[in-house]
Amino acid sequence: MIATAADIIKKAIQECKKNGAIKAEALPDIIIEKPKKDEFGDFATNAAMLLAGKEGKPPRQIAELIAKEMRQSENIKKVEVAGPGFINIFMEDDYWLGFLKEIHVSGEKFGSSDIGAGKKIQVEFVSANPTGPLHIGHGRGAAFGDALARLLKTAGYDVATEFYVNDAGAQVKNLAESILLRIKEEAGEKVEFGADHYKGEYISKLAAVYRGLAKKGVEESKEEIGRFALQTILEWIKKDLSDFHVNFDSWFSEKSLFDSGKVQKLIQELKGKGFIYEDSGALWFKSTVFGDDKDRVVVRENGEPTYFASDIAYHHDKYERGFDTLINIWGADHHGYIPRIKSVVQALGHDRESLKILLVQMVSLSRGGQPVTMSKRAGEYITLREVLDEVGADACRFFFLMRKSDAHLEFDLELAKKQAPENPVFYVQYAHARICSIIKHAKTVSSCKLQVASLNLNLESCNSKPFLCLSLKEALDIIKKLASFPDVVRGSAAATEPHRITFYLQELAGLFHSYYNRNRVVTEDKELTNARLYLCEAVRIVIHNGLKLLGVSAPEEM
RNA sequence: GCGCCCGUAGCUCAGAUGGAUAGAGCGACGGACUUCGAAUCCGAAGGUCGCAGGUUCGAAUCCUGCCGGGCGCGCCA
């Protein structure tokens, strides 16, 4: 849609150059926007203001020259010069009505594009330590990552999603020990938990389950407990995610990087390149070369590799798999880790910008405005499961996606559950259900033979009833909104900001509900009815497509 | 102390690459159901865009400095 306007403007400027009205050879980076006010047109551009300096003429004068050319273009209703030199463009009604047909023809594809040009891109997210159940913060990361992957796919990227499983290192040992301690404790022994031990309620649960399975003596089976706990927790995580409608293309084991010797290999390789050196018995990576605050330990004095060591191998492996771009989604508390991992990317010989790290901020839960507190100290946190069970996957996902990912999110459980218009999820889903209901109703009304599937509206004739009814401002506003959907999806994907979709859907649903209350869709007038059904169905398609991008269902009835 | 993020209506938040009189939802207030789903709609109210400078035709947006909040600054992950 924007592209059409851009073409018209560029063509007009070309014409102006041809006839000598404008001399500048280089075109400035003009902006084409959708003005907030209707009176400023369907599109507006600042081209004249940017050209003014080079041309040495007042912006309004240049705007007039360009506007004059633009008026020759197709689909233009009128072009006005306004304010300091804006060119406001108004499109013909039938230009807009044409989108209705496009939506019906494209169906589920409406909104898709190929700006990604098939580039291979990996989105790694959640990657929670398998040392406990997913909490609410992981949930936000999951919703964000999954929606982003859907967006990128729709924008024409070749997307693969991955969960990195931290199944190596000291944490697994700590997990096993924590369970052992619980087992001992329940056997009546007096035990003391260390700072690195996990103390959540789920540890007791695991301990109980393990006791049921245990045949061997407790002391000797620490390794086995570790394996058991890891596997069990991973199953919980997978179940939570699949109930949250998040399904990964792959699960990558950290341990496998050690087992295959890749970690060692990469350390040797970077040593060879001079990026790894020894000091005080430890091996260090020279991240300062690439702008990090300090060098980072890769292998400790005691010979144990750090998490960072396997991360080097992991990212190397990602590039080996042929991805053009990597996206890592992290909790915002990990932001200090960014410089060192970016350094790794460069040391491995890749463009620093080929790895994008997106941060997801914290979630605070509230209930009817009252904050829900949790005690981190006692190892307790609100799990994704609890919220999922209470409000359902749809509301949960939508709420997580209502905010920019790098902004704190306030999540009101009471609101999310409410089946009322103040709940944005229901508001949007209701619009979809309502349209389904209208169409169903239309089919049952004998006087109205619905032709939604085979509608062949005569939109060309400006005197036809469908044309006139769909050209009413209220209808046209909806159509313009619908027409902008592909631009919204493209922008949302390019900016990696799924929240734009939730805002868009709320606005569209609002326009529709308002229209519905003013215009009766199914009436005795067959032509009118069909025209309005045609519009309604287009709205339904776009709401459906939008919700799908968010991984939220579009119910036919509620 | 250093680094990153944030500060917009009573509350929760939008405002893409600087654009025209800064928007939406909720809450509160006043209205609308003989009609396709009132699970909805309509109306009016609500602002020193944290503060102070700077850049320019033009700043919520960019720069600098303060104030206030969050998070990092491990041979943890």
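Letters A, B, ... mirror the listed sequences (proteins, then strands); counts begin at 1.
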Query raised in the report: Are A:Val387 and A:Phe411 close enough, and set up right, to give a side-chain contact (heavy atoms from CB on, under 4.5 Å), and what steps lead you there?
Result: CA-CA 10 Å; A:Val387 178; A:Phe411 190 136; 4.1 Å; yes
Close aromatic pair by centroid cut-off 6.0 Å: [X] and [Y]:
X	Y	answer
A:Tyr164	A:Tyr314	yes
A:His513	A:Tyr427	yes
A:Tyr504	A:Phe485	yes

[N] [atom2] sits how many Å from [X] [atom1], rounded?
X	N	atom1	atom2	result
A:Arg518	B:rC36	CZ	P	19 Å
A:Phe400	B:rU12	CZ	C1'	16 Å
A:Asn302	B:rC75	CG	P	12 Å
A:Met49	B:rG58	CE	C1'	7 Å
A:Glu33	B:rU61	CD	C1'	13 Å
A:Leu511	B:rA24	CG	P	12 Å
A:His334	B:rA77	NE2	C1'	6 Å
A:Asp196	B:rG74	CG	P	16 Å

Pick base, sugar-phosphate or nothing for [X], based on heavy-atom distances below 4.0 Å to the nucleic acid.
X	result
A:Met558	base
A:Ala170	nothing
A:Ile31	base
A:Ser280	base
A:His513	sugar-phosphate
A:Asn46	base
A:Glu301	base
A:Ala82	base
A:Ser514	sugar-phosphate
A:Glu507	nothing
A:Lys418	nothing
A:Arg296	nothing
A:Gln419	base
A:Ala494	nothing

Report yes or no: do [X] and [Y] form a side-chain donor-acceptor pair below 3.5 Å?
X	Y	answer
A:Ser310	A:Glu254	yes
A:Gln171	A:Asn166	no
A:Tyr515	A:Asp477	no
A:Asp292	A:Ser343	no

Pairwise [atom1] distance for [N] and [M], with rounding to whole Å:
N	M	atom1	answer
B:rG25	B:rC36	C1'	27 Å
B:rC73	B:rC26	P	41 Å
B:rU8	B:rG46	C1'	14 Å
B:rA32	B:rC6	C1'	42 Å
B:rC5	B:rG68	C1'	14 Å
B:rA44	B:rG7	P	30 Å
B:rG10	B:rG18	P	30 Å

Query raised in the report: Are A:Phe86 and B:rG19 stacked, counting the six-membered base ring, centres under 5.5 Å, planes under 30°?
Result: no
Query - Aromatic-base stack, A:Phe503 on B:rA24, cutoff 5.5 Å, angle under 30 - result: no
N or O in side chain of [X] less than 4.0 angstrom from [N] OP1/OP2:
X	N	result
A:Tyr504	B:rG15	no
A:His499	B:rG15	yes
A:Thr523	B:rU35	no
A:Arg300	B:rG74	no
A:Tyr337	B:rG74	no
A:Lys404	B:rC6	no

**Report entry** Within 45° cone of A:Phe275 ring axis and under 6.0 Å: A:Lys286 NZ or CZ
**Finding:** no
Requested in this report: Using the six-membered ring of A:Phe285, assess whether NZ or CZ of A:Arg340 lies under 6.0 Å from its centre and within 45 degrees of the ring axis.
Outcome: no
Query raised in the report: Are any of the side-chain heavy atoms of A:Trp284 and A:Val298 separated by less than 4.5 Å?
Result: no
Please pick, from [options], the nucleotide with the shortest atom-to-atom distance to any side-chain atom of [X].
X	options	result
A:Val522	B:rA20, B:rA38, B:rC36	B:rC36
A:Tyr430	B:rA38, B:rU21, B:rC36	B:rA38
A:Arg403	B:rC75, B:rC13, B:rA77	B:rC13
A:Glu422	B:rU12, B:rA38, B:rG27	B:rG27
A:His335	B:rA77, B:rC36, B:rC4	B:rC4

Requested in this report: Determine, for A:Lys318 against A:Glu124, whether the closest basic-nitrogen to carboxylate-oxygen distance falls under 4.0 angstrom.
Outcome: yes
Query raised in the report: Would you call A:Lys404-A:Glu497 a salt bridge at under 4.0 Å N-O?
Result: no
Query - Residues touching RNA chain B, which here means a heavy atom under 4.0 Å, drawn from residues 306-317 of chain A - result: A:Thr306, A:Tyr307
Report summary line: Per nearest nucleotide of RNA chain B, the residue lying toward the 5' end, A:Lys34 or A:Ala420, is A:Lys34
Query - Glycosidic conformation of B:rC33, taking syn as within 90° of 0 and anti otherwise - result: syn
Query raised in the report: Does A:Asn88 get its side chain close enough to the base of B:rA20, under 3.5 Å, for a donor-acceptor pair?
Result: yes
Query raised in the report: A:Glu177: what forms a salt bridge (Lys or Arg N to Asp or Glu O under 4.0 Å) with it, not counting sequence neighbours?
Result: A:Lys222
Query raised in the report: So what's the dot-bracket for RNA chain B: Watson-Crick or G-U pairs under 3.5 Å, [ ] if a pair crosses, | if it pairs off-strand?
Result: (((((.(..((((.....[...))))..((((.......))))......(((((..]....)))))).)))))....
